[in-house]
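Letters go in sequence order (proteins before strands), and every chain restarts at 1.
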Amino acid sequence: MAERERKLATPRGGVFVPRSQVMAVDDVHRALVRIAHEIVERNKGVDDLVLVGLQTGGVPISAKLGAIIEEVEGTHVPVGTLDVAFYRDDIQLRPVLPEAITSIPVNLTGMAVVLVDDVLFTGRTVRAALQALSDFGRARSIQLAVMVDRGHRELPIRPDYVGKNLPTRLTEQVDVSLDGVLLGDVVRK
Amino acid sequence: MAQQDAMASAASRLAGLISIRDLDIAGIKRIMQLSDSFSEVLGRDIPKLPTLRGKTLAIVFAEDSTRTRTSFEIAAKRLSMDVVTLNASQSSLKKGETLRDTLKNLHAIGADAFAVRHSSAGVPAQATRWLPVPVINAGDGCHEHPTQALLDCYTIRQHFAPAIGAGQSREPVSSLRYARNGTAGTEPDSSGSTASIGSGVAQTDLECFKKLRVAIVGDIEHSRVARSLVAALDILGARTVLVAPKTLLPRSQAGWPSEMSTSLDEVLPSVDVCYILRLQRERGTGMYVPTLREYYSYYGIDERRYAMLPDHAVIMHPGPLNRGVEIDNTVADSPKSLILRQATSGVAVRMAVLYLLLGHNTGTWKADDRSVGALPRDNTGRDTTTESTSQIGLPEAADA
């Protein structure tokens, strides 16, 4: 869970207290190498491939994935970032989120887009992202890569590439970074 | 004042944007930051967001306008709002209906926010007492025009704040893209590929204002633009100097954080921004100057005065231009002119204001610091508190 999302988690303004480490730094790296290979395999190469990291948690992951794919295939893959704050369905309900940078480096028409996020939870962020991506052109296909799928979907959305399936309780929080994955709770300061 | 009244009726909700003095530097910073995001959106192939769909903006103008009215309308439509426009001259106001009744009826019909322009100062502030929804002052008499001042500051910041990254351009890439696709189209930079987008987004840094000296030239006394702009620049730390014949300078220096001068030629060589005001003949300005020709010879920006400006200086004007009255024809279209850039900025800035008033009105112009802090805009999405939490938590967790 990225910092921005954590600040919105209940209880408001709480602090994330990790309880257990689910993946260590090496585990995260191995998962990323596997996902990179799966992406290349599924798309039969890297032609017309573009990675889009969701702000904020998916951005470092997409950058790392892009670097690994480039290493494996010897071809540069464009990597963009997308902030879905303006597309969320809960704008009236939650505090206005500070916006992060959206930067899609290519027109997406005809491209195979891999959306990258850290944690897949309710699926609402991904829904917003699908709507946002359609404003950048008609992609040939959109796939979804996440480091952690923690369940509790509220929409019919499924990931194509998963680092780790992690059953969680609704109240728990997952913290994903390139340094590892932590499971814990947000508690009042 | 307007805000305090609103506090009574609806706790912790912004009643609108009436005066620049409703804002502090954090509020202006928030609006600039959001305007950056919306500028990027406006540069897209499909420059439209679903953010405020279902909301309706009523634009009620009891005075003529081109830029402000269309800019509000486009800003609202880019956010998927519905827009109704009411020109007082073509409404029941002509039949004797009071403005209060007109506004309350528009709200009853379904307006969720109002942009109000009126020739009398204080009308939008009064409207906030009549209406339970946000009211934006789109210009009230000689009082204020806050969104104009905000878009002017945004334009100045775009020009003078260095862009992040190693882009050669001083402009944020997003605005260049918008200029290319959008209505302003000042530089058709067709060679610019999309490859560098994202590296050049302007920072929210408002430090650049502290080094700036801004001359505001012309009919200060009757100018709501000048009142709002001076207030905004004062908050941001820029120095202002008002230049006009004595009859058009404010009658008293009290309340103006500005220098005043009657000699344009003395001021011009030392300014970074030359902001030219229109001679407002509809407010009787003609009586304050002997002739328009004489005004032009002393206060018009002609080619000679243009040459007196420092190389890095820029020329701005809120429009509409009176070519040949306050500004020379060629100067208005010169490379130093940001006039069309101002019009472009207006859409993004008004989107930001609408978003803050209608998206989730938290009662503050700042980021809602009860729950959300400022985000690092460096694409990592992680700040120091995250790191330290992880480091503290990790050893215990590893043992578990």
**Message:** Please report the interatomic distance CG(A:D135) to CG(B:D45), rounded to the nearest 0.5 Å.
**Reply:** 9.0 Å
**Item:** Neighbour count above 12 (heavy atom, 6.0 Å) for A:R42 CZ
**Value:** yes
**Side chain to side chain, B:E40 and A:I101, heavy atoms closer than 4.5 Å** = no
**Asked** Contact part of B:L358 toward chain A, heavy-atom cut-off under 4.5 Å: side chain, backbone, both or neither?
**Response** backbone
**Asked** Hey, is CD on A:E154 packed in by over 12 heavy atoms from elsewhere, all under 6.0 Å?
**Response** yes
**Request:** Test side-chain contact (heavy atoms from CB on, under 4.5 Å) on A:Y87 and B:L49 and set out the steps.
**Result:** CA-CA 7 Å; A:Y87 292 84; B:L49 293 169; 3.2 Å; yes
**Within 6.0 angstrom of A:R140 CZ, more than 12 heavy atoms from elsewhere** = yes
**Prompt:** Which heavy-atom pair separates B:T51 from A:F86 by the least distance, and what is that distance?
**Reply:** OG1-O, 2.7 Å
